[in-house]
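Remarks on the structure that follows.
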Amino acid sequence: MAIEDMAFLIPVLPALAFVLTFFLGKKLPNGGAIIPIVAIFASFIISLMITLNLLQNPEQVISQSYNWFAILNVGILIDPLAAVMLCMVSFVSLLIHIYAVGYMSHDKAQPRYFAETALFTAAMLGVVLSDNILQFFICWELVGLCSYLLIGFWFEKPSAASAAKKAFLTTRVGDVMFLAGIILLFSDIFRIYNGSIPEGVYVLRFDEIFTHIPEIAALNTQIFGFQVSHLTIVTLLFFGGAVGKSGQFPLHVWLPDAMEGPTTVSALIHAATMVTAGVYLVARTFPMFVAAPYSLLVVAYLGAFTALFAATMGLVMNDIKRVLAFSTISQLGYMMLGLGMGAVIGITAVGDSLFHLINHAFFKALLFLCAGSVIHAVGTQDIRQMGGVRKVMPITFATMLIASLALAGFGIPGTSIGVSGFFSKDPIIEAAYLFGESTENWMPYIFSIVAALLTSIYIFRLIFMTFTGKPRTNYKGHESPSVMTVPLMILGVLALVFGALTKTGFGKFLEETFTNNFVNMDIHALAEIGKYHLASHGAGGEPLLILWMPVIVAVAGLLISYLIYGMRIIDMSGIVSRKNPIYKLLYNRYYQNTIFTQFLAVKVVYEGLALAGRAIDRGFDWLVDMIGYIFTEASDGLRQLQTGVVQNYATSVVTGVSLLIILVKLILEVF
Amino acid sequence: MIPLFYYLALSAIIFSIGLFGFMTQRSGIRMLMCVELMLNAANINLVAFSSYNADLTGQVFALYSIALAAAEAAVGFAILMSIYRVRDMIDLDKINVLRW
Amino acid sequence: MIRMLNKHFTVMQILTSVYNFFRPRIAGMIIAILFLAIVLISIGFTNWNTVDQLPQNPMDQSNIQGIGMLIFTDLVVPFEILSIVLLSSLMGAIYMAKGDGTE
């Protein structure tokens, strides 16, 4: 049996596990955790085999399509891009499932938890191996649903329920944009074919879309006096979906609140997999973005801004998971920035960004799992009440330290020494430098460097405040059971060495996604359409300072953090107070929550829309009332005829009969 | 020889008298009487057509309808007695609880 | 009425009493006369498809025998049903007229 015949099992097995766990979970130990673990392990093995096969034979892309109805299809597509995502998703999901056996051991609703995470894994794998944008969207929505269910897993807590609602509604804004993009794309391709689609052509398949990029780019629409290419509109709408899912700047508000869910959920969905779906979407449709004017620049600027913006808020959070949530947003901004750098370095950007995505998945899942371990032991999420956890949880401390180093990006440029984050973040920052060099626009580079400094500061603040010093409250900590620490160690090893091991092969492997396989894209020709000027030379050849810059800022951040929180040499009490406006601004997350709820929700939606709605409502009300009024009045008059007196009825009958006869007679006579 | 028209005219006149009484009288008994008048006007028609068509079925039916009229009158008067017992009068235009 | 007939019997009074009888019933009268007129006109202008004259049988004017034969041959089922109707109406009438015995 060839491996490609088993490819469809990758999402189907977790989906089956969902059904089985849902119905049988109560009767099995640990809420039936064994079912999804086995299913996802099988998915992981299949994904790994496919990936290894692809590494050796890059042309053996798995592409299977089946007619769904009319001109739409279902199918799977596993090219290098999908393959690495499949491996990452199934692997991280597997580890987190194993970890959750320990973490969720005290929860009564274990079967529900494992069923929902299994469904999530199935949906996420479905997103990754979709071969058409519609199937992608369906799985994308399913992923969002699982996210909603799992954020609200402890729905008895009002904060969890409202956080789930918030996450769902906020991502919905993006999803609606995504759907609008799909609809526009569909109608455009329909128009290109003049409405008659040949037999066997599935209009929303990725290869079909990509072959029509030049024609879609040629379609224009007048918007505010500007000729805007349809491709730009479609890609920006897609990016809107990605913004919602990946927590980029205007729609990031749901991600910190999503931490109300179990920590394992945060690790799986809101750090490693689901939030990267937006990045994956942009990477998947990268040829469209390259060919669309302005789109990649929007991606780049928004990514850079989000990276910095979220990092500033991460500085002041006291909730261990919130810090990590902002860190996730910031790192997702890096990934978006990396993709946006496709404006300069072309297809290499996908490799850079996805490399960071994979590494981030490992170290951020690790960070979350460590945080979960700490929370599990200490019983609080507030880092001000921790301190000195290192002594009771040595394994957790070690793995968390590795993850933090990976997040901050420590390493030595030019060698193979470094943690995984170093090898993936560096190319993005270097690409930003290249971008600045070629366009004289240094904003992305400066933002990414400052964000790197802040990243280092906030993550070591977390480390110092949690693990070092003396306990600030009385807690009874203990090291987590081995079912929790073993996944930590596995992830720790990966966070440490994955980047160094794969730094050369990964980018090349991913570049084959769009060059040799499945569709043969000439990225330079596409960039011509998009009016981007690709740099003639790749990364490298920058001044030594630029190469060292990310490491310098990382070390500087570590030092600053150590001075403030480790040694307590610099006294922060003057700065960390509610009176400091900057602190207050950051602590209140730039008041964005307030703006969203107080202004957008209350003023615009409640009062503005409600007023308009009330006017319409009253109008219809009046109409309906009038119709009802007319009929009640008319029937009120008519029912007076029902006197209840038999004679009156007889009179009416006789009169009626007489008149009828006269009438008939008249008609017969006259005509 | 009496033409058919005379029978029919007689029947129509009796029917109209019954109708007039039914529409104008208040007392239940009078109304029942008027109903009987109308019924018998119909019977006259039946017999007249029966004779002129040389078919005895019509006359048989006239007999039947007379019997039915008896039954109807029996029930009607029983109802009127019940009404009288409850309301102490048989003015049917006052019995209008079925009004709107 | 009797006294009126005896002592003050004038045409005027008869007319007056007739008028007094019909005055509140003028609507009903109009409708009844209208109906009568319509029926009479209809009857009069209809071409009845019947024999001109009654079938004459001077020897035996009675048709009781024929009716009897008809009742007990062709129309025996309606006859039986009629008997049931009569019986049930009789029972119903008795039941309703009897009252509950409290008086």
Side-chain angles (χ1 to χ4, degrees), chain A residues 601-602 604-671, chain B residues 5 8-42 44-45 65 68-69 71-84 86-100:
Chain A
V602 174
V604 176
V605 178
Y606 282 3
E607 291 180 13
L609 286 180
L611 208 66
R614 194 165 60 186
I616 296 168
D617 191 42
R618 286 285 151 86
F620 280 111
D621 254 16
W622 181 84
L623 199 66
V624 173
D625 278 355
M626 271 318 281
I627 291 168
Y629 179 77
I630 288 167
F631 278 105
T632 37
E633 286 302 301
S635 50
D636 226 33
L638 271 176
R639 74 179 180 162
Q640 306 292 328
L641 294 176
Q642 298 284 347
T643 54
V645 180
V646 187
Q647 287 109 318
N648 294 353
Y649 299 161
T651 314
S652 327
V653 168
V654 172
T655 319
V657 168
S658 310
L659 291 179
L660 206 63
I661 290 170
I662 291 170
L663 211 64
V664 170
K665 209 68 180 157
L666 274 179
I667 289 170
L668 287 180
E669 292 296 313
V670 172
F671 303 104
Chain B
F5 174 75
L8 297 184
L10 171 71
S11 149
I13 289 162
I14 294 174
F15 189 88
S16 294
I17 291 168
L19 188 65
F20 172 74
F22 187 78
M23 287 191 292
T24 53
Q25 296 302 317
R26 291 199 187 122
S27 166
I29 291 175
R30 289 191 195 186
M31 279 167 73
L32 271 180
M33 287 160 69
C34 294
V35 168
E36 292 296 323
L37 268 185
M38 290 195 276
L39 208 61
N40 283 314
I44 289 173
N45 270 8
S65 81
L68 275 177
E72 170 244 313
V75 175
F77 282 116
I79 292 171
L80 284 176
M81 274 185 74
S82 298
I83 291 172
Y84 181 77
V86 175
R87 305 280 300 255
D88 263 344
M89 53 93 195
I90 47 172
D91 285 359
L92 290 191
D93 58 349
K94 303 261 171 43
I95 313 285
N96 54 7
V97 284
L98 281 182
R99 180 178 51 170
W100 63 85

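In what follows, chains are A, B, ... by sequence order, proteins preceding strands, each numbered from 1.
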Q | Interface residues of residues 14-23 of chain B facing chain A - non-hydrogen atoms under 4.5 Å apart | A | B:Leu19, B:Phe22, B:Met23

Pairs of donor and acceptor atoms involving the side chains of residues 613-634 of chain A, under 3.5 Å and at least two apart or interchain, shall be tabulated with distances.
from, atom 1, to, atom 2, distance (Å)
A:Thr632, OG1, A:Gly628, O, 2.8
A:Thr632, OG1, A:Tyr629, O, 2.8

**Q.** Taking every non-hydrogen atom, the tightest pair across A:Gln647 and B:Arg26
**A.** NE2-CA, 3.8 Å

Q) Heavy atoms under 4.5 Å from chain B: which residues of residues 651-660 of chain A carry them? A) A:Thr651, A:Val654

Can I get a per-line list of side-chain donor-acceptor pairs under 3.5 Å for residues 32-42 of chain B, giving both atom names and the distance, sequence neighbours left out?
from, atom 1, to, atom 2, distance (Å)
B:Asn40, OD1, B:Asn43, ND2, 3.2
B:Asn40, ND2, B:Glu36, O, 3.1

